[in-house]
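Computation of the quantities below employed the complete heavy-atom set of this structure, encompassing side-chain atoms and omitting hydrogens, waters and symmetry-equivalent molecules.
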Amino acid sequence: MSRAPLFNLSALLTLMLIPSTISVTVSTSKPKVEVHENTNAVLSCEFRTEKETNPRIEWKKKGKDTSYIYFDGEFTGSFKGRASMDGATVTVRGVTQKDSGVYYCEVTAKHDKTHFGEVTVTLSVLVPPHAPSCHVPETAMRGSAVELHCKDKLSVPPATYSWYKDNKPLSTAHLPDINYSLDPKTGTLKFKSVSKSDAGQYRCEASNGIGAPKTCAGQHMKITEFELNLTLVIAVGVGAALFLLSFSLAICLCCRRGCCRCCRKDKKKGKQKRNMTKHRPPTDPRHYRHTRSFMI
């Protein structure tokens, strides 16, 4: 008699007697989602249960405070009217930068051995460049250090920057024959010491690979020389003369009123000198007056 059928029957009975350990499981086919602004985003969530036929499905978004976007069978807040559910997968229409973030898909199956399961989906909404804000000084003195700034705060991922002078691109390389440095990440253009040749029209361009690059309007920078202004020189001279005159008058008034220590000392010395002159004893003995007699 063959033992194979008996072995197969025994293995089948063993599998039937082992209690089922399959419980609710939650997964996603795409844990990181990147979409362009104003398009639709699909947040995938798939689940499998052991016994539960009607599990509770909830979606949350992580922020300063974790909040529900789908609860008790309906969408909430800004997702109401622009999101739909298929199984446990959510589709959000017309996404904006505010929709970027971390989302949680949570499935609760009360009749399963493991009641709860969740999965995380990260949504990144890509935003093309906007026209950057540019700061170019109108005038700069020859030989001075000058900085030009460019920034686009809205693009995602962050933009990189290029500068143009008179519609010609400026090099980002650190070469010995150029007197400036350009940081494409911050958009700052620095001149160590500007010269007449640096005068011209400057504009900045922002790009991030999502949409078409955007540029700011060109702004002109003028390089000036340091020149003495005759009017300024006269004004400074007159001001200095008036200051010295006022200072002298103040000292005179102070001495006359006896406010200054030096003046008080001089007055005191003069007074003492007059008193000494007034009460100086006579040198001729005939001028002494006998006031009292002494008898020996």
Cys45 and Cys105: disulfide (SG to SG under 2.5 Å), yes or no, with the steps? CA-CA 6 Å; Cys45 181; Cys105 174; 1.9 Å; yes

Determine whether Val194 and Tyr164 fall in the same hydrophobic cluster, where Ile, Leu, Val, Met, Phe, Trp and Tyr are linked whenever their side-chain heavy atoms lie under 4.5 Å apart. no

Distance col, row Asp112:CG vs Glu50:CD, nearest 0.5 angstrom, shows 5.0 Å

A quick test of your reading: do over 12 heavy atoms of other residues, nucleotides or ligands sit less than 6.0 Å from CZ of Arg142? no

Heavy-atom check, side chain of Trp59 versus side chain of Leu43, under 4.5 Å: yes

Connected-component partners of Phe71 among ILVMFWY, side-chain separation under 4.5 Å: Tyr68

Looking only at side chains, do Asn208 and Asp152 share a donor and an acceptor under 3.5 Å apart? no

Val146 vs Met221 side-chain heavy atoms within contact, under 4.5 Å: yes

Side-chain donor-acceptor contacts of residues 121-139 below 3.5 Å, not counting sequence neighbours, with atom names and distances?
{"residue": "His130", "atom": "ND1", "partner": "Pro128", "partner atom": "O", "Å": "3.2"}
{"residue": "Ser133", "atom": "OG", "partner": "Lys151", "partner atom": "O", "Å": "3.3"}

Roughly how far, to the nearest 0.5 Å, is the OG atom of Ser162 from the CG atom of Leu182? 7.5 Å

Apart from Leu154 itself, its cluster of hydrophobic side chains linked below 4.5 Å comprises none

Do Arg82 and Asp99 touch side chain to side chain, with heavy atoms closer than 4.5 Å? yes

Rounded distance [0.5 Å steps], OG in Ser193 versus CG in Asp198: 8.5 Å

Can you find a pair of side-chain heavy atoms, one from Arg93 and one from Ser84, that are under 4.5 Å apart? yes

Do Thr53 and His111 have side chains that get closer than 4.5 Å, going by heavy atoms? no

Just wondering, do Ile210 and Pro157 contact through their side chains at under 4.5 Å, heavy atoms? yes

Atom CD in Glu147, atom OG in Ser181: separation rounded to 0.5 Å? 8.5 Å

Under the ring pair (Phe, Tyr, Trp, His ring centres under 6.0 Å) rule, collect the residues that match up with Phe191, sequence neighbours excluded. Tyr180

Of all residues at least two apart in sequence or in a different chain, which pass the ring pair (Phe, Tyr, Trp, His ring centres under 6.0 Å) check with Phe116? none

Tell me, do His115 and Val24 make a side-chain contact under 4.5 Å, heavy atoms counted? no

Is the number of heavy atoms from other residues, nucleotides or ligands under 6.0 Å of Lys32 NZ greater than 12? no

Would you find more than 12 non-hydrogen atoms of other residues, nucleotides or ligands less than 6.0 Å from His220 atom NE2? yes

Among Tyr103, Phe75, Phe79, whose ring-ring contact (aromatic ring centres under 6.0 Å, His included) with Tyr70 holds? Phe75

Within the 4.5 Å heavy-atom criterion, are Val102 and Thr120 side-chain neighbours or not? yes

Restricting to side-chain contact (heavy atoms from CB on, under 4.5 Å), what partner residues turn up for Asp183, sequence neighbours left out? Lys185, Thr186

For the pair Arg56 and Glu58, find out whether any cationic side-chain nitrogen is under 4.0 Å from an anionic carboxylate oxygen. yes

Show the nearest heavy-atom pair for residues Val90 and Val92, with the distance to one decimal. CG1-CG2, 3.9 Å

